[in-house]
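Beneath this line is the structure, given in structure tokens, with notes to follow.
A quick note: this is a predicted structure, and the numbers were derived from the prediction, not measured.
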Amino acid sequence: MASFKKYRVGSKFKLSQIDPGDTAFCEGDEAAQREEVDAMALELDDLQNLLHAEGRRKVLLVLQGMDTSGKDGTVRWVFSRTSPLGVRVAAFKAPTEEERARDYLWRCHAVVPRNGEIAVWNRSHYEDVLVPVVEGWIDKAQAKQRYAQINDFERLLVETGTVIVKCMLHIDKDEQRERLQARIDTPGKQWKFSMGDLEVRTKWSAYQRAYENALAATSTEHAPWYVIPANSKRHRNLMIAQLLMKTLRQMKLKAPAPDPALKGMIVK
């Protein structure tokens with residue numbers, strides 16, 4: 001099995017060091033890879049059941065990436081066998097008027113995972129150190145302040161029982177072009193396309209710099225970032241499933257001890 005060390009963001013991180021076309025976590029042929037994703041999905045279901053039974057800790061999976069990087073697809077495949085009762089997905093879109101009237105982390109705290117739950121954030125609080133930076137709504141000093149606030153927010157979550165897994169789905173500009181074109185050319189997928197996607201695409205380099213700075217500033221010991229090469233959808237799914245499975249295994253989850261009062265009980 002490939003190592004995650006290369007993909008964990010450190011203080012001297014450069015996004016260009018990670019090849020979006022990397023497929024290090026793909027082994028065997030396509031059929032074998034699909035079987036592996038399915039097998040891991042089943043194990044994730046078992047691990048989530050233990051997380052729920054233990055009822056003390058929780059997991060937050062953060063998915064960030066450029067448009068078409070595969071956040072929806074990750075949720076669909078990685079959690080394909082997991083009970084929907086134990087996994088809750090929150091999608092972060094442009095802030096509403098109600099949300100803009102409060103601090104930028106207000107809407108995030110409302111959807112943190114409960115005890116025994118896995119929460120998946122499709123985009124996240126990191127939108128507030130990406131879009132405002134690229135659009136020039138906040139300056140460098142304000143961005144630096146937000147990085148520190150995010151680190152404090154995540155430390156609070158960790159210290160109160162949340163294990164955080166942060167994944168940046170990394171695709172290249174050519175791959176995004178192909179995926180956007182496929183949406184345009186496929187009537188059944190046109191609902192996924194927005195003209196705004198093309199405007200954001202013109203700022204590709206600025207977003208890459210914003211991601212690089214944000215990841216380097218907020219990859220901490222308590223909540224590290226991992227860059228997921230995502231040109232290959234199957235590789236993306238395999239890598240994230242393995243990372244999540246590894247994280248849950250390391251938690252050494254245990255079901256509650258048997259109730260002595262139930263020993264020998266016969267249901268009639």
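- Among all heavy-atom pairs drawn from V200 and M66, the shortest one is CG1-CE, 4.4 Å.
- In this view, E99 and R107 satisfy the salt bridge (charged side-chain N to carboxylate O under 4.0 Å, His left out) rule, not counting sequence neighbours.
- Side-chain contact between P229 and I18 is present, with at least one heavy-atom pair separated by less than 4.5 Å.
- With hydrogens and angles disregarded, no donor-acceptor distance shorter than 3.5 Å links the side chain of N213 to the backbone of A210.
- Residues passing the salt bridge (charged side-chain N to carboxylate O under 4.0 Å, His left out) test with D29: none are found, sequence neighbours excluded.
- To the nearest 0.5 Å, atom CG of residue L50 and atom CG of residue D46 are 7.5 Å apart.
- Every residue two or more places apart in sequence or in another chain that forms a side-chain contact (heavy atoms from CB on, under 4.5 Å) with P20 is listed here: H170, D172, N231.
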Requested in this report: List the steps, then state whether salt bridge (charged side-chain N to carboxylate O under 4.0 Å, His left out) holds for E43 with K246.
Outcome: CA-CA 11 Å; E43 181 170 351; K246 178 186 176 192; over 6 Å; no
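- Not counting sequence neighbours, the partners of T186 by the side-chain contact (heavy atoms from CB on, under 4.5 Å) test are K189.
- When side chains are defined from C-beta on, T162 does not count as touching V59, because their heavy atoms never get closer than 4.5 Å.
- Within the 4.5 Å cutoff, side-chain heavy atoms of C167 are placed close to those of L61.
- Taking each heavy atom of L156 and T160 in turn, the nearest pair found is O-OG1, 2.8 Å.
- Cluster membership for V267 and L262, using ILVMFWY side-chain heavy atoms within less than 4.5 angstrom, is not shared.
- When all heavy atoms are compared, the tightest approach of T220 to N151 is CG2-OD1, 3.7 Å.
- A distance-only check finds a donor-acceptor pair linking the side chain of T202 to the backbone of E199 [under 3.5 Å].
- Ring to ring, Y211 and F13 are not that close: their centroids are 6.0 angstrom or more apart.
- Counting only heavy atoms from C-beta outward, the side chains of L244 and L248 approach each other to under 4.5 Å.
- Both M251 and M40 are part of a single hydrophobic cluster, where members link through side-chain heavy atoms under 4.5 Å apart.
- Heavy atoms only, all atoms of each residue included: S124 and V62 are closest at OG-CG1, 3.5 Å.
- For W225, the ring-ring contact (aromatic ring centres under 6.0 Å, His included) criterion is met by Y126, not counting sequence neighbours.
- Taken to the nearest 0.5 Å, the CG atom of L60 stands 7.0 Å off from the CG atom of L157.
- Here the OG1-CZ distance, from T68 to F193, works out to 11.0 Å after rounding to the nearest 0.5 Å.
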Donor-acceptor pairs are to be reported for all side-chain atoms of residues 112-120 against protein atoms at under 3.5 Å, with residues two or more places apart or in another chain.
| from | atom 1 | to | atom 2 | distance (Å) |
| --- | --- | --- | --- | --- |
| N115 | OD1 | K58 | NZ | 2.8 |
| E117 | OE1 | R88 | NE | 3.2 |
| E117 | OE1 | R88 | NH2 | 2.8 |
| E117 | OE1 | R114 | N | 2.9 |
| E117 | OE2 | R88 | NE | 3.2 |

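- Contact record, D128 with R146: O-NH1, 2.8 Å, taken as the closest heavy-atom pair.
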Report task. With side chain to side chain contact (heavy atoms under 4.5 Å, CB included) as the test, would you mind laying out the steps for I240 and W77 before giving the verdict? Result -> CA-CA 10 Å; I240 293 177; W77 285 101; over 6 Å; no
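- Within 6.0 Å of the NE2 atom in H52, the count of heavy atoms belonging to other residues, nucleotides or ligands does not exceed 12.
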Query raised in the report: How far apart are the C-alpha atoms of D45 and N49, what are their side-chain angles, what is the distance that settles it, and do they pass the side chain to side chain contact (heavy atoms under 4.5 Å, CB included) test?
Result: CA-CA 6 Å; D45 183 46; N49 283 336; 4.1 Å; yes
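- Within a 6.0 Å radius of NZ in K173, other residues, nucleotides and ligands contribute more than 12 heavy atoms.
- A donor and an acceptor atom, one from each side chain of S83 and Q48, are nowhere located under 3.5 Å apart.
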Requested in this report: Show your working on side chain to side chain contact (heavy atoms under 4.5 Å, CB included) between K166 and Q64 and close with a plain yes or no.
Outcome: CA-CA 8 Å; K166 300 188 297 191; Q64 279 290 152; over 6 Å; no
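- Between the CG atom in L44 and the CG atom in L51 there is a gap of 11.5 Å [rounded to 0.5 Å].
- When side chains are defined from C-beta on, Q242 counts as touching E36, because their heavy atoms get closer than 4.5 Å.
- Partners of K192 according to the side-chain contact (heavy atoms from CB on, under 4.5 Å) rule, which considers only residues two or more places apart in sequence or in another chain, are R183.
- Counting only residues at least two apart or on different chains, the salt bridge (charged side-chain N to carboxylate O under 4.0 Å, His left out) pairs with a member in residues 64-79 are D67-R123.
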Using distance only, find each side-chain donor-acceptor pair of residues 129-138 under 3.5 Å and give its atom names and separation, not counting sequence neighbours.
| from | atom 1 | to | atom 2 | distance (Å) |
| --- | --- | --- | --- | --- |
| E135 | OE1 | K203 | NZ | 3.1 |
| E135 | OE2 | K203 | NZ | 2.8 |

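- With S232 contributing its side chain and H235 its backbone, the two residues share a donor-acceptor pair below 3.5 Å.
- The residue from Q149, E127, H125 that alone fulfils the side-chain hydrogen bond (donor to acceptor under 3.5 Å, both in side chains) condition with Y104 is Q149.
- Every residue was checked against the side-chain contact (heavy atoms from CB on, under 4.5 Å) condition with Q190, not counting sequence neighbours, and none meets it.
- We find the CD1-CE distance between I171 and M168 to be 8.5 Å, quoted to the nearest 0.5 Å.
- Residues D38 and R81 form a side-chain contact, since some pair of their non-hydrogen atoms from C-beta on lies under 4.5 Å apart.
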Requested in this report: Take I184 and Q181 through the test side chain to side chain contact (heavy atoms under 4.5 Å, CB included) and record every step on the way to the result.
Outcome: CA-CA 5 Å; I184 293 170; Q181 192 65 53; 4.2 Å; yes
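- When all heavy atoms of S16 and E212 are compared, the pair lying nearest together is N-OE1, 4.2 Å.
- For H109, the ring-ring contact (aromatic ring centres under 6.0 Å, His included) partners at least two apart in sequence or on another chain are F153.
- Every pair tested for salt bridge (charged side-chain N to carboxylate O under 4.0 Å, His left out) that includes a residue from residues 254-268 fails, sequence neighbours excluded, so the list is empty.
- Rounding to the nearest 0.5 Å places CH2 of W204 at 11.5 Å from CZ of R177.
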